Each structure stands twice: as structure tokens, then as C-alpha cells.
Amino acid sequence: MTGTVAVTGVTGFIGKHIVDNLLSRGFTVRALTRTAHKPSTNTLAWIQGALEDQDSLAELVSGVEYVVHCAGQVRGHNEQTFTNCNVTGSIRLMQAAKESGSCKRFLFISSLAARYPELSWYANSKYVAEQKLSTMASTISLGIFRPTAVYGPGDKELKPLFSWLLRGVLPRLGTPEARLSFLHVNDLAEAVSQWLIAGQSPVHPYELCDGVTGGYNWKRLQEIGAAVRNGRVRLIGIPLPLLKLIADVSMLSSYLARKEPMLTHSKIRELTHQDWSASNKSLSEYINWFPKISLEHALREGLF
Ligand SMILES: NC(=O)c1ccc[n+]([C@@H]2O[C@H](COP(=O)([O-])OP(=O)(O)OC[C@H]3O[C@@H](n4cnc5c(N)ncnc54)[C@H](OP(=O)(O)O)[C@@H]3O)[C@@H](O)[C@H]2O)c1
């Protein structure tokens, strides 16, 4: 397969897997990086820059047929932090893609959170970015992926939950009835590559999960953990006031460490939402993509 893809977010968890998949399929990649010079190869060119730097974005998309926009702000202490990167940064990248004159397809890695923009700063920023990109895309074919919680090698957010589960403790956030869903990063990366080579489609967001209809509730996660470790799993509900207290401590320690916090009151509204089940129906019908890795299989095989 031939074609050059500009990819953002490659130094992060998901972006790395996307690039590995693209390279294995024969694509050439131009990857944006904010870190110091990385050595390029014949098939992977590193472009130093950032979403805030229009010149570097112009260089990134120069001559490419495709853009996969995976960079994103996933943690932050206020709304502006998310807006600056996820909305304004995405607009800048689309502008560069349009001006390149070569880009035919642009895939935006949004989030299932965008389904409920009212829940969090993060969710709203992804939703607004989707709207802005849809308005701007014009002759570029735009795709919007809304993956649910993604896990796999290199992930730092869900790994602790699964590690605890396999040690026999499952901390529950939100109500016992809440529906959750998950997606292995390899399945997401495969969907990205397949989308790039698919034909035209109407612009609408595609949800992605591991294909378990209705998702998981906490009890089901407990059962899976017990089956995999072949032993008891204790499900421990974390009361909302305690979760908020942990968020306050996290905000303070992040402030002192000059880092952006993951757990905030805004994030808690998202994490404790009742229904994060998702459906692959639209995407499967469009690109014939079906996830291969179930959560139980991943836990058994240590694929996280
Ligand atoms: N992980 C999930 O469960 C999940 C679920 C749904 C959607 N998503 C979306 O998937 C994308 C990747 O998530 P992830 O989990 O891989 O996050 P991650 O590990 O934090 O990676 C984020 C990536 O974005 C880059 N980035 C952030 N701000 C940037 C900027 N201003 N300019 C250039 N690059 C910038 C980071 O670069 P540095 O390395 O320089 O910081 C990093 O490469 C995000 O858009 C996220 O919203 C994630």
C-alpha cells in the first residue's frame, strides 16, 4: 500500500500504535513531535513542532494524502487548557491540511466523551472540535472516530484498574448499574488504517468499542477478573465525596508539580456517567472493521 500520512500525537500512547500499524501496511508517515530531534527513517519522518505552531503544521502536511489527528489534551485544570489544544489546535491542523493542496482525507480521533459535551471540559472540547472540523473540511473527506476507553501496551490510565482487578480488588466509580466499554489499542489502530483506504462516507462520528453489546457493568468486570485470576474479586464502591477529595488532592499536587491533573471535578462527572456503552455498527458497516480483542482475552494474555 502506498500513500503518505501525517500523524499527530505519535509520542503518546495511541498515536504510537497507529503509526506502527500504518508502517506495517506500507504507508509512509510524517509524525509531529514536540520533543527534541528524533532520527527519521525512509518510512518515518519526524517533524519538530506543535499544534500551536502553524509553520510546523504546514511542514507536517506537506505533500501528504492523509492526516490522522491523534494529538489531544487529555488532562487539564481548566476549560481553556482543553480548548487551546483540542479545538484551536485541530482548527490549525485542518487549515494546514486544506492549504497543502494534497490532503484528501482527514481523520480526527475524538472521544466517546463527545457524546455528552455537558459532562466535562474534555468532552466539550472534543465535541466543539468535531463541529468546527465538519464546517471547515470542504473538499477534504473528514472522518470522526469516537473511541471509548482505550487500553493496551503503553497505557497508563486503565492499567492500574486492570492490575488491581487481577490482584482481586475492583474499585467502583459511579453506580453499580453504570455501563462501561473498552477498546484494545490494536483494534483502534487497525480501524484507522482501514478508514484511510475506504471510499467516501457521510461525515458523522463513528463510535468504537470492543463490540460487547451493551458494554460491561461493574459486576461483569468483577466476574471477568475472578475468572481470569481464578479467585475472588472484591468490588469496592468509592463514595463520591471521597472521589472529590482525591480530585482536590490531585489538583493541588499537580499544581505544585506544575503538571496538568487527570482527576478533576469535571473529570469525575465524566467518569461516573451512567452509560458509556458504545456501538460499532456504523463503522463496521462502512469499512468492514470488527474488533478482535475482547477484554477477557486481553486480561488473560497480559495485553495491557
Ligand atoms: N486513551 C484513551 O482512552 C482515549 C479514548 C478516546 C479518545 N482518546 C484520544 O486519543 C488521543 C490520544 O490519546 P492518548 O491516550 O494516546 O494520550 P497521550 O498518551 O496523552 O498522548 C497525547 C499526544 O498528544 C500530543 N500533544 C498534546 N498536546 C499537543 C500539542 N499542543 N501539540 C502537539 N502535540 C500535542 C502529545 O505530545 P507530547 O508527547 O509531546 O506530550 C502526545 O503525543 C487524544 O486525542 C485523546 O483525546 C483517548
Side-chain angles (χ1 to χ4, degrees), residues 6-21 29-38 46-57 59-61 67-76 80-93 96 107-117 119-130 133 143-162 180-189 191-192 205-210 259-262 267 270-271 276 278 295 298 304:
V7 190
T8 65
V10 180
T11 52
F13 158 52
I14 294 176
K16 181 189 177 305
H17 289 271
I18 288 175
V19 166
D20 287 349
N21 192 292
V29 172
R30 292 173 74 77
L32 188 69
T33 175
R34 294 195 286 191
T35 42
H37 181 72
K38 286 170 172 273
W46 289 99
I47 311 297
Q48 206 161 347
L51 291 173
E52 291 75 20
D53 173 4
Q54 196 75 46
D55 289 344
S56 67
L57 298 183
E59 190 188 349
L60 176 73
V61 300
V67 171
V68 176
H69 179 27
C70 183
Q73 188 75 35
V74 295
R75 37 180 84 214
Q80 198 58 44
T81 311
F82 291 96
T83 306
N84 287 348
C85 179
N86 296 345
V87 181
T88 314
S90 300
I91 291 172
R92 282 200 200 97
L93 183 61
L107 181 60
F108 175 49
I109 307 297
S110 180
S111 165
L112 190 62
R115 199 165 71 182
Y116 305 110
L119 284 182
S120 68
W121 300 322
Y122 171 70
N124 189 55
S125 68
K126 287 291 191 178
Y127 174 77
V128 174
E130 290 179 355
L133 293 178
I144 297 171
F145 276 10
R146 285 182 174 178
T148 184
V150 183
Y151 69 96
D155 158 57
K156 295 192 188 86
E157 309 301 339
L158 282 171
K159 191 180 172 74
L161 181 78
F162 295 151
L180 313 165
S181 56
F182 302 96
L183 175 66
H184 194 275
V185 69
N186 287 1
D187 281 325
L188 172 56
V192 168
Y206 295 105
E207 294 183 0
L208 294 90
C209 67
D210 67 2
K259 289 184 173 167
E260 292 294 351
M262 174 56 88
K267 194 70 183 177
E270 198 188 299
L271 290 174
W276 286 123
L295 182 61
F304 66 95

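Order of appearance sets the numbers: ligands from 1, and atoms from 1 within every ligand. Here the structure is a predicted model, which is why all the values come from computation and not from measurement.
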task = Mind checking the OH-CG spacing from Y127 to L119? Nearest 0.5 Å is all I need.
result = 13.5 Å

note = To the nearest 0.5 Å, atom CG of D20 lies from atom NZ of K16 at 4.0 Å

key: ligand 1 contact on N86 by region, counting heavy-atom pairs under 4.0 Å   = neither

inquiry  = Could you identify the single nearest non-hydrogen protein atom to atom 31 (N) of ligand 1 and state the distance to 0.1 Å?
reply    = E52 OE2, 2.9 Å

task = Mind checking whether K126 contacts ligand 1 via backbone (N, CA, C, O), side chain (CB onward), both or neither, at a 4.0 Å heavy-atom cut-off?
result = side chain

inquiry  = Distance check, rounded to the nearest 0.5 Å: L112 atom CG versus K126 atom NZ?
reply    = 12.5 Å

request  = Report, in ascending order of atom number, the atoms of ligand 1 lying under 4.0 Å from any heavy atom of A71.
outcome  = 24 (O), 25 (C), 26 (N), 34 (N), 35 (C), 45 (O)

For K159, all residues meeting side chain to side chain contact (heavy atoms under 4.5 Å, CB included), sequence neighbours excluded = D155, S163, F304

task = Considering only non-hydrogen protein atoms, determine which one is nearest to atom 5 (C) of ligand 1 and report residue, atom name and distance to 0.1 Å.
result = T148 O, 3.3 Å

request  = Could you tell me if any non-hydrogen atom of S110 lies under 4.0 Å from any atom of ligand 1?
outcome  = yes

ask   = Of all the non-hydrogen atoms in the protein, which one sits nearest to atom 21 (O) of ligand 1, and at what distance?
value = G12 CA, 3.3 Å

Point-to-point distance, once rounded to the nearest 0.5 Å, from OG of S125 to CD of Q80 = 11.0 Å

query = Under 4.5 Å between any side-chain heavy atoms of I14 and L188, yes or no?
reply = yes

ask   = Is the closest N or O pair between A50 and ligand 1 shorter than 3.5 Å?
value = no

ask   = Just wondering, do N21 and I18 contact through their side chains at under 4.5 Å, heavy atoms?
value = no

Contact with ligand 1 for K16, non-hydrogen, under 4.0 angstrom = no

task = Look at ligand 1 and say whether Y122 reaches it with a heavy atom at a distance under 4.0 Å.
result = yes

key: Atoms in ligand 1 flagged as close to F13, the criterion being non-hydrogen separation under 4.0 Å   = 15 (O), 16 (O), 19 (O)

message = Suppose we measure from atom 32 (N) of ligand 1 to each protein heavy atom; which comes out shortest, and what is that distance?
response = L51 N, 3.0 Å

note = On a heavy-atom basis, the closest approach of G152 and V185 is CA-CG1, 4.0 Å

query = Tell me, which protein residue and heavy-atom name are nearest atom 44 (C) of ligand 1, and how many Å apart are they?
reply = C70 O, 3.3 Å

query = Is A149 touching ligand 1 with its side chain, its backbone, both, or neither, if touching means heavy atoms under 4.0 Å apart?
reply = backbone

remark   = Closest non-hydrogen atoms of A298 and H184, given as atom of the first, atom of the second and distance, are CB-CD2, 4.3 Å

query = Which bit of E157 is near ligand 1, meaning a heavy atom under 4.0 Å away: side chain, backbone, both or neither?
reply = neither

key: Heavy atoms from other residues, nucleotides or ligands near CZ of F82 exceed 12 (cutoff 6.0 Å)   = yes

request  = Return a yes/no value for V150: is any of its N or O atoms, backbone included, closer than 3.5 angstrom to an N or O of ligand 1?
outcome  = yes

key: Best match, V7, V74, T11, L60: closest heavy atom to atom 39 (O) of ligand 1   = T11

query = Is there a nitrogen or oxygen of R34 sitting under 3.5 Å from a nitrogen or oxygen of ligand 1?
reply = yes

ask   = Quick one: does C85 get an N or O within less than 3.5 Å of an N or O on ligand 1?
value = no

task = Report the nearest protein non-hydrogen atom to atom 6 (C) of ligand 1: residue, atom name, distance rounded to 0.1 Å.
result = P147 O, 3.3 Å

task = Starting from atom 4 (C) of ligand 1, find the nearest protein heavy-atom neighbour and note its residue, name and distance.
result = I14 CD1, 3.8 Å

Exam field: side chain T8 to backbone C70, donor-acceptor pair closer than 3.5 Å = yes

request  = Just need the protein heavy atom nearest to atom 23 (C) of ligand 1, so name the residue and atom and give the distance.
outcome  = G9 CA, 3.7 Å

query = Would you say S111 has any N or O atom under 3.5 Å from an N or O of ligand 1, going by distance alone?
reply = no

request  = Answer with yes or no whether T35 contacts ligand 1, where contact means a heavy atom under 4.0 Å from a ligand atom.
outcome  = no

message = Within 45 degrees of the ring normal and closer than 6.0 Å to the centroid, is that where the cationic atom of K267 sits relative to Y122?
response = yes

request  = To the nearest 0.5 Å, tell me how far F182 CZ sits from L208 CG.
outcome  = 15.5 Å

query = Does an N or O from G49, backbone or side chain, lie closer than 3.5 Å to an N or O of ligand 1?
reply = no

Salt bridge present between R92 and E52 (N-O < 4.0 angstrom) = no

ask   = So is L112 polar-close to ligand 1, meaning N/O to N/O under 3.5 Å?
value = no

ask   = How are the rings of F162 and Y151 set to each other: parallel, tilted or perpendicular (split at 30° and 60°)?
value = perpendicular

